[in-house]
Amino acid sequence: MRVFLFALQWDDNVYRKRRAWRLISRRVWSMKMSKVRTRFAPSPTGYMHVGNLRTALYAYLTAKHENGTFILRIEDTDQGRIVDGAVDVIYQTLKENGMIWDEGPDVGGDYGPYVQSERMGIFKDYALQLVEKGEAYYCFCTTERLEKLHEEQRAAGAAVGNYDRHCRNLDKEEIQRRLDAGEPYVIRQKMPTEGTTKFVDLIYGEVEVKNSELEDQILIKSDGMPTYNFANVVDDHLMGITHVVRGNEYLSSSPKYNLLYKAFGWEPPVYIHCPPVMKDAHTKLSKRNGDASYQDLVAKGYLKEAILNYLLLLGWSPKGDEEYFTLDEMIKLWNPAWINKSPAIFDIVKLRAFNATYINRMSNEEFTKIARPYVESVVKRPIDMDLLCANLKPRCEILSDIPERVAFIQEMPEYSLELYRNKKFKTDERGALTALEKLAPALDALQEWNRDAIYGACAPVIAELGVKAGWALYPLGIALSGMTATPGGGTDVAAIIGKELTMERLNDALARLRAEL
RNA sequence: GGCCCCAUCGUUUAGUGGUUAGGACACAGCCCUUUCAAGGCUGCAGUACGGGUUCGAGUCCCGUUGGGGUCACCA
């Protein structure tokens with residue numbers, strides 16, 4: 001009953017809209033009230049795609065919203081792509097984002113092993129079971145014959161790749177004879193040839209294909225190893241996965257998966273296919289195209305919380321207008337039925353905005369802690385780090401913005417006197433000269449050197465000149481930084497860089513103005 | 001090419017037959033102000049197209065167009 005209730009809560013309205021509600025609820029009913037178990041099954045390639053991370057998040061949330069179990073399974077059977085330390089990247093990424101798995105290679109569990117390469121021995125027996133049930137068969141066709149077949153198909157303009165089911169009805173004696181003779185073989189699934197197969201996806205609803213479209217797919221390769229599709233189904237079943245969360249590139253092969261479950265007599269999982277994360281309208285986001293991975297984004301100064309939060313909303317949306325969530329809030333709110341159907345373009349500009357907000361919401365202390373290394377990478381002088389960081393916080397969107405914003409502290413940049421011209425304050429080089437000439441002695445006389453004291457020293461000068469504060473303080477900022485955008489106003493900059501450097505730069509600026517005007 | 005899937009502002013999304021089509025980011029402007037920001041307010045901007053069904057369609061149906069995915073002894 002509980003399961004049924006959460007199904008309603010998840011989907012309620014969506015059911016009707018998709019016209020699949022009956023099927024889904026029947027499916028959920030027949031889950032026998034089992035605890036929700038989801039898995040994230042990445043291959044260890046050495047980095048984490050943002051799309052992968054999002055899939056992991058969705059799988060994690062789907063389990064945790066129901067107090068279920070989140071499982072990590074490493075799919076390391078991709079021959080070419082094994083990278084040292086790659087598994088650690090997966091562990092690290094998941095961990096630092098708080099997505100703690102309940103079962104996995106390192107923590108174990110009752111359904112191990114959780115590394116696919118260690119499971120290779122178990123699949124053939126399952127395939128043989130299918131052969132015995134008449135759901136699969138031995139195929140002795142050679143690669144040469146298949147190639148020839150494909151060539152003929154090409155020549156005839158037909159669909160290439162469809163196996164002609166040559167070995168589908170070999171008689172028992174012949175099979176035994178060829179097996180005994182040690183002929184190499186594969187095991188193929190016996191697909192239905194007529195009718196249709198449908199399955200229900202939680203996101204896409206009912207998906208139906210004609211069985212005539214389905215090939216007698218290979219389950220066990222001639223080296224005795226399972227194909228990915230077969231291993232996946234068996235693993236998911238053996239591990240008790242109730243909800244399969246994966247990319248929608250699997251959508252069109254899901255009927256085949258379902259037929260496999262059916263052939264075994266197993267209960268299929270709830271399918272949750274997620275739309276792809278795109279780089280632009282035409283291409284998927286991928287490391288191969290040089291697109292940023294999660295690691296790259298972190299290295300560029302994006303906060304992991306901001307990345308995760310942004311990813312949550314890329315293809316999923318909650319009911320209200322709130323966009324900022326902690327992981328715990330995500331878990332409470334999560335409803336997989338609210339995942340979108342259409343592809344979403346990864347927008348770095350919006351991520352930057354999220355990042356800026358996350359930075360802005362930090363305490364000054366927290367921010368100073370993470371910003372300090374970026375500051376110190378370019379600034380080697382003694383400065384008021386706390387004041388600098390307090391001013392930097394609302395002014396930087398990503399951490400890697402910091403060096404260019406503070407580089408002027410270490411070394412005055414080349415700058416044009418035109419910077420002193422400002423429409424808003426109705427000032428120019430001459431005005432700047434006037435202001436700075438008055439400001440310099442006032443500052444020089446100052447004993448105490450902090451933001452308030454500095455402003456206190458400037459205020460009488462401003463009053464005396466009868467101008468707006470900015471008229472005098474804007475030029476001060478330019479004189480001290482050579483830039484129009486600085487971490488704080490003129491008095492902030494002075495306080496940050498200290499009296500000695502302030503006076504030095506002020507005098508340099510005065511000398512230059514006098515010389516060039 | 002066959003098959004599957006998708007389609008609301010530039011981007012991300014809300015929308016479950018009756019809404020002035022809402023939010024966020026971006027952009028523009030204004031306010032505040034000790035530069036630049038941050039913050040506050042306002043504005044700009046969208047239902048791909050064509051047919052139906054209906055008193056009424058962003059919402060349902062069909063088609064067109066556009067896009068994505070998939071068709072291996074890869075995973």
*Can you list the residues that meet the salt bridge (Lys or Arg N to Asp or Glu O under 4.0 Å) rule with Glu213(A), with sequence neighbours excluded?*
none
*Would you kindly give the CG-to-C1' distance between Leu214(A) and C71(B), to the nearest whole Å?*
11 Å
*Taking a pair as Watson-Crick or G-U wobble with both distances under 3.5 Å, which nucleotide is matched to G1(B)?*
C71(B)
_Taking donor-acceptor contacts at under 3.5 Å, does the side chain of Ser342(A) reach the base of C6(B)?_
no
*asked:* Give me the distance, rounded to whole Å, that separates A57(B) from U16(B) when you measure between the P atoms they each carry.
replied: 16 Å
*Does NZ or CZ of Arg505(A) fall inside the cone over Phe408(A)'s six-membered ring, less than 6.0 Å from its centre and within 45° of the axis?*
no
*For atom C1', what is the distance between G43(B) and A48(B), given to the nearest Å?*
26 Å
*asked:* Should Tyr455(A) be counted as stacked on U34(B), where stacking needs a ring-centre gap under 5.5 Å and an angle between planes under 30 degrees?
replied: yes
*Looking at Asn340(A), does any N or O in its side chain come under 4.0 Å of the phosphate oxygens OP1/OP2 on A14(B)?*
yes
*Val209(A) side chain, from C-beta outward: closest of G68(B), C4(B), C73(B)*: C4(B)
*asked:* Of the listed nucleotides (A38(B), C73(B), C5(B)), which one gets closest to any side-chain atom of Thr143(A)?
replied: C73(B)
*Report the residue (Pro318(A) or Glu323(A)) whose heavy-atom-nearest nucleotide on RNA chain B is the more 5′ of the two.*
Pro318(A)
_Phosphate contact (A75(B) OP1 or OP2) by Lys221(A) side-chain N/O below 4.0 Å_ = yes
*Geometric cation-pi criterion Lys287(A) and Tyr47(A), 6.0 Å radius, 45° cone*: yes
*Determine the interatomic distance between C1' on U42(B) and the same-named atom on U59(B); round to the nearest Å.*
31 Å
*Which nucleotide, U70(B), G68(B), A26(B), lies nearest any side-chain atom of Ala353(A)?*
A26(B)
_How many whole angstroms separate atom CE of Met191(A) from atom C1' of C3(B)?_
14 Å
*asked:* Please classify the nucleic acid contact of Glu208(A) as base, sugar-phosphate, or nothing, using heavy-atom distances under 4.0 Å.
replied: sugar-phosphate
*So what's C27(B) paired with, Watson-Crick or G-U wobble, going by both distances under 3.5 Å?*
G43(B)
*Could you work out which one of U34(B), C5(B), G69(B) sits closest to the side chain of Tyr204(A)?*
C5(B)
*Any N or O donor-acceptor pair linking the side chain of Thr491(A) to the base of U34(B) at under 3.5 Å?*
yes
_Nearest-Å distance for atom pair CG/C1', residues Leu392(A) and A37(B)_ = 11 Å
_Checking base pairs now: Watson-Crick or wobble, both atom distances under 3.5 Å. What partners A14(B)?_
none
*asked:* Regarding Gly489(A), tell me which of base, sugar-phosphate or nothing describes its non-hydrogen contacts under 4.0 Å with the strands shown.
replied: base
_Ring-face cation contact, Tyr163(A) with Arg188(A), 6.0 Å cut, 45° max_ = yes
*With P as the reference atom in both, quote the distance from C62(B) to C5(B) in angstrom, rounded to an integer.*
11 Å
*So does Lys468(A) have more than 12 non-hydrogen atoms from other groups sitting under 6.0 Å from NZ?*
no
*Could you measure between the two P atoms, the one in U47(B) and the one in A21(B), and give it in whole Å?*
12 Å
*With a 4.5 Å heavy-atom cut-off, do Val406(A) and Tyr374(A) have their side chains touching?*
no
_P-based separation of G2(B) from U64(B) [nearest Å]_ = 12 Å
*C71(B) C1' sits how many Å from Glu215(A) CD, rounded?*
8 Å
*Whole-Å distance between A72(B) P and Leu219(A) CG?*
15 Å
_Nucleotide opposite U34(B) in a Watson-Crick or G-U pair, distances under 3.5 Å_ = none
*Nearest to the side chain of Leu314(A), which nucleotide is it out of U12(B), A75(B), G23(B)?*
U12(B)
*What is the ring orientation for Trp334(A) with Tyr58(A), classed by angle as parallel under 30°, tilted 30 to 60°, or perpendicular over 60°?*
tilted
*From U34(B), A75(B), A26(B), pick the nucleotide closest to the side chain of Val349(A)?*
A26(B)
*Round to the nearest Å and state the distance from Arg352(A) atom CZ to U11(B) atom P.*
20 Å
*Looking only at atom C1', what distance separates C41(B) and C32(B), rounded to whole Å?*
11 Å
*asked:* Run the side-chain hydrogen bond (donor to acceptor under 3.5 Å, both in side chains) test on Asn309(A) and Tyr324(A) for me, step by step, so that the C-alpha distance in whole Å, both residues' side-chain angles and the decisive distance to 0.1 Å come before the verdict.
replied: CA-CA 7 Å; Asn309(A) 198 150; Tyr324(A) 291 87; over 6 Å; no
*Atom CD1 of Ile218(A) to atom P of C73(B): distance rounded to whole Å?*
4 Å
*From G69(B), U34(B), C73(B), pick the nucleotide closest to the side chain of Ser252(A)?*
G69(B)
*From C73(B), U34(B), C4(B), pick the nucleotide closest to the side chain of Leu251(A)?*
C4(B)
*Does Lys341(A) have a side-chain nitrogen or oxygen under 4.0 Å from the phosphate oxygens OP1 or OP2 of C6(B)?*
yes
_For U33(B) and Lys424(A) - does any side-chain N or O of the residue sit under 4.0 Å from the phosphate oxygens OP1/OP2?_
no
*Would you call Asp401(A) and Arg352(A) a salt bridge, using N to O less than 4.0 angstrom?*
yes
*At under 4.0 Å, does any side-chain N or O of Asn248(A) touch on OP1 or OP2 of C6(B)?*
no
*With a 3.5 angstrom cut-off on both distances, give the Watson-Crick or G-U wobble partner of A48(B), or none if there isn't one.*
U64(B)
_5' priority, RNA chain B, between Asp347(A) and Glu397(A) [closest heavy atom]_ = Asp347(A)
*Send over the distance from Trp471(A) CH2 to U34(B) P, rounded to a whole Å.*
16 Å
_Of the listed nucleotides U11(B), C73(B), U34(B), the one nearest the side chain of Leu146(A)_ = C73(B)
*Just to confirm, is there a sub-4.0 Å distance from OP1 or OP2 of G68(B) to any side-chain nitrogen or oxygen of His282(A)?*
yes
*What does Tyr228(A) touch in the nucleic acid at a heavy-atom separation under 4.0 angstrom: a base, only the sugar-phosphate, or nothing?*
base
*Sticking with atom P, work out how far G51(B) lies from G56(B), rounded to a whole angstrom.*
15 Å
*Base, sugar-phosphate, or nothing: which does Gly247(A) touch, judged by heavy atoms less than 4.0 Å apart?*
nothing
*Check whether any side-chain N or O of Ser317(A) sits under 4.0 Å from OP1 or OP2 of A14(B), and answer yes or no.*
yes
